[in-house]
Amino acid sequence: MSEIKETVVANNFIKNIIDEDLKNNKNDSRVHTRFPPEPNGYLHIGHAKSICLNFGLGKEYNGITNLRFDDTNPVKEDVEYVDSIMEDVKWLGFDWEDRLFYASDYFDKLYDFAIELINLGLAYVCEQTPEEIRQFRGTLTEPGKPSPYRDRTIAENLDLFGRMKNGEFPDGTKTLRAKIDMSSPNINMRDPVVYRIKKAHHHRTGDKWCIYPMYDYTHCLSDMLEGITHSICTLEFEDHRPLYDWFLDVLKTPCHPQQIEFARLNINYTVLSKRKLLQLVQENFVNGWDDPRMPTISGFRRRGYTPAAIRDFADRIGVTKGESTVDYSVLEFCIREDLNKTALRAMAVVNPLKVTIENYPDDLKDDILDGVNNPENPEAGTRKIKFSKVIYVERDDFMEDPPKKFFRLAPGKEVRLRYAYFITCKEVIKDENGEVIELICTYDPASRGGNSPDGRKVQGTIHWVSAEYGKTAELRLYENLFLTENPDIAPEGKTFLDNMNPDSLKVIQAWVEPSLLEAKTNDKFQFERVGYFCADSKDSQPGAPVFNRTVGLRDSWAKIAKK
RNA sequence: UGGGAUGUAGCCAAAUGGUAAGGCAUCGCCCUUUGGAGGCGACAUGCGAAGGUUCGAAUCCUUCCAUCCCAGCCA
């Protein structure tokens, strides 16, 4: 039985904090985290980092982790997104058990806390327009000025807030604001808005509410209500922490979760911003959120990445407070490492060149050879592959005038056809344009299986597909979606869209071993010497799979050839 | 030019006053019926800079520099 390998996660500053808390018996030595996505888009690899962190901490410290949708802005949120988020978290291998929550579950309680805030004299109903609020807020270097509505009586505030809730006022005409400090150097503390009026239909609460609480107010209280001990978020919320703490300090609450911020993930050649990903989808630069070129979890899934590879990636990149950009090669390493051990091998010729073996008998049928399914795993067994007089080999595996270290086919050179025979190139046939269209070779019948009884060595082994028994299948060859390391850097007047790679998708017909036509959706293969491929989950038909290139194989010949 | 953070190799990232882990990438060599995989080796007299404290500093102190975030009724 093969155990799921749980890599020992490296230490990080958050674990150091938790270790310290545990030593001091803080939170009764409980560890309770949460993953709090807003359902306004699909999850991407950056969220995967956060999911692995939060659920990983829960698991490692014998604690628990909630899934909570931060759904306080109905105009941006949708059930399509909540469904996809749950699917993605599950697929990554994490389980929130019975702890699926929504911030909207707490709207009643949040409303009561707002009343408490008013009664404490710490919140007021403000009637400034958004523009006025902005002007009164001051700037980074100048303090703000108090709103003229700041000193209403508690009774008046209670009345007005109740009427806001009852829908008596149009959108945007009034807000509930916390009364904190208009001259704070931290702009978040300059009387932040706590509730706004939005007569919008909410995906869960329907039309029950027309006032919705803001993030800062909602998040800390939701954490508190769930008994979260460590509330982990990204760096941009660092400035919000004083506000997070303020609500919890001022209100009567049984516990006070600790907000800890870490740096969000960046990867070169990719864009990880929900806004930009949404734009790519809406403006049809890609074919949906799960387009295999997208850095979304669903995109990686469809591309052929595995949950284990993504978890491994999250472990390798670490967790810190320093902004950083991870090299894409780390991701590729993780998926290759996983697939190398698990993917079945097969042969596929991406760019075919016809080879006729002139001394192969015309009437020889059922020349059946054995191929190893996975050299990394003997239990994967072997398969039968039919050989024939005419085959296809990779066009790149032939050079008419090869350089010194080219170990493949060339006039007069002998190579091994994987699992089959040694062949020697005798003649090169060209069309009227001088294009090579066929090779005439001879084979050595004694080298059947790939070894010659006289012990002679060949330098190269190439893959092939029988022209008689092979089939064709659609391959989708993916490249990076962006051409530049940081797609966000664009000249004046240009945007990240101008940095897109026009060749990020190439669709070709390849010759494949016949058994590949029976591939099921999501089946993963290594096409030997080519790369890892996965049967597409959407466009494959029974008997007619479409293969997505997950990642190419490392290609050290390409490096030599470049020199 | 207010406030909050961060600087360790090409890219990530450990170190908690005791003499710079590890991974990716790169470069050698070995092995190989995948130019894959695997194995072995190389890769920071140096921790943003300059001063200082100390027997001893990436870690402590001072000053400086660079980068990121914040002025939504978004999260």
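Below, read A as the first sequence line, B as the second, and so on, with proteins coming before strands; counting in each chain starts at 1.
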With rounding to the closest Å, how many angstrom separate the P atoms on U8(B) and U59(B)?
14 Å

Is the Y212(A) to Y195(A) ring centre distance short of 6.0 Å?
no

Please give, in whole Å, the distance from A13(B) C1' to N16(A) CG?
13 Å

Report yes or no: do Q526(A) and Y532(A) form a side-chain donor-acceptor pair below 3.5 Å?
yes

Determine the contact category for I462(A): base if any of its heavy atoms lies under 4.0 Å from a base atom, sugar-phosphate if only primed atoms, P, OP1 or OP2 are that close, otherwise nothing.
nothing

Using the P atom as the reference point in each nucleotide, state the distance between C68(B) and C12(B) in Å, no decimals.
14 Å

Does the pair D370(A)/R383(A) count as a salt bridge with the N-to-O cut at 4.0 Å?
no

For atom P, what is the distance between G7(B) and U16(B), given to the nearest Å?
16 Å

Send over the distance from M182(A) CE to G3(B) C1', rounded to a whole Å.
15 Å

Using a cut-off of 4.0 Å on non-hydrogen atoms, how would the nucleic acid contact of V319(A) be classed: base, sugar-phosphate, or nothing?
sugar-phosphate

What's the gap between G39(B) and G23(B) when it is taken at their P atoms, as a whole Å value?
11 Å

Please give, in whole Å, the distance from A15(B) C1' to N11(A) CG?
11 Å

Let me know, please, whether A558(A) or G322(A) comes out on the 5' side of the other along RNA chain B by nearest nucleotide.
G322(A)

Can G23(B) be described as syn, meaning its chi torsion is within 90° of 0, or is it anti?
anti

Tell me the interatomic distance from R190(A), atom CZ, to G2(B), atom P, rounded to whole angstroms.
13 Å

Sticking with atom C1', work out how far A13(B) lies from A44(B), rounded to a whole angstrom.
14 Å

Nearest-Å distance once atom P is located in both U45(B) and A21(B)
12 Å

Regarding Y124(A) and R152(A), is there a side-chain donor-to-acceptor distance under 3.5 Å anywhere?
no

With a 4.0 Å cut-off on heavy atoms, is E142(A) in touch with a base, just the backbone sugar-phosphate, or nothing at all?
nothing

What I want to check is whether the side chains of D367(A) and Y421(A) have a donor and an acceptor closer together than 3.5 Å.
yes

Do the ring centers of H47(A) and Y42(A) come within less than 6.0 Å of each other?
no

Given U1(B), G35(B), C12(B), identify the nucleotide with an atom nearest to the side chain of T141(A).
U1(B)

Before we go on, tell me: are the rings of F547(A) and F527(A) under 6.0 Å apart, centre to centre?
yes

Interatomic distance, Y532(A) OH vs U34(B) C1' [rounded to whole Å]
10 Å

Give the rounded distance in Å between these two atoms: CG of N340(A) and P of G35(B).
14 Å

Distance-only polar pair, side chains of N374(A) and R345(A), donor-acceptor under 3.5 Å:
yes

Below 3.5 Å, does any donor atom in the side chain of E376(A) face an acceptor in the base of G36(B), or the other way round?
yes

Determine whether the aromatic ring centres of F69(A) and Y102(A) lie less than 6.0 Å apart.
yes

Distance-only donor-acceptor check, side chains E77(A) and N40(A), under 3.5 Å
no

Any side-chain donor-acceptor pair under 3.5 Å between H219(A) and R34(A)?
yes

Is any side-chain N of the basic residue among R316(A) and E337(A) closer than 4.0 Å to the acidic one's carboxylate O?
yes

Within the 3.5 Å criterion, strictly below it, is a donor on R408(A) or Q459(A) matched to an acceptor on the partner's side chain?
no

Expressed as a whole number of Å, how far does the P atom of C31(B) sit from that of A25(B)?
23 Å

With sugar-phosphate taken as primed atoms, P, OP1 and OP2 and all else as base, the protein-contact string of nucleotides 20-27 of chain B at under 4.0 Å (heavy atoms; B, S, -) is ---SSSSS

Phosphate OP1/OP2 of A13(B) contacted by S324(A) side-chain N/O (<4.0 Å):
yes

Only Watson-Crick and G-U wobble pairs with both distances less than 3.5 Å should count. Give RNA chain B in dot-bracket notation, marking inter-strand partners with |.
.((((((..(((.....[...))).(((((.......))))).....(((((..]....))))))))))).....

For a quick check of understanding: with a heavy-atom distance under 4.0 Å over all strands, which category does F406(A) fall into, base, sugar-phosphate or nothing?
base

Between F113(A) and Y106(A), is the ring centroid distance below 6.0 Å?
no

What does the B/S/- profile of nucleotides 69-75 of chain B look like, 5' to 3', with a 4.0 Å heavy-atom cutoff to protein?
BBBSBSB

What integer number of Å spans the C1' atoms of A9(B) and U54(B)?
29 Å

Mind calculating the distance between CH2 (W464(A)) and P (U34(B)) to the nearest angstrom?
16 Å

Name the nucleic acid region contacted by T325(A), choosing base, sugar-phosphate or nothing; use a 4.0 angstrom heavy-atom cut-off, strictly under.
sugar-phosphate

Toward the 5' end of RNA chain B, which comes first, I317(A) or R418(A), by nearest nucleotide?
I317(A)

Short side-chain N/O contact from S184(A) to OP1 or OP2 of G3(B), under 4.0 Å:
no

For Q459(A) and G36(B), give me the distance from atom CD to atom P, rounded to whole Å.
15 Å

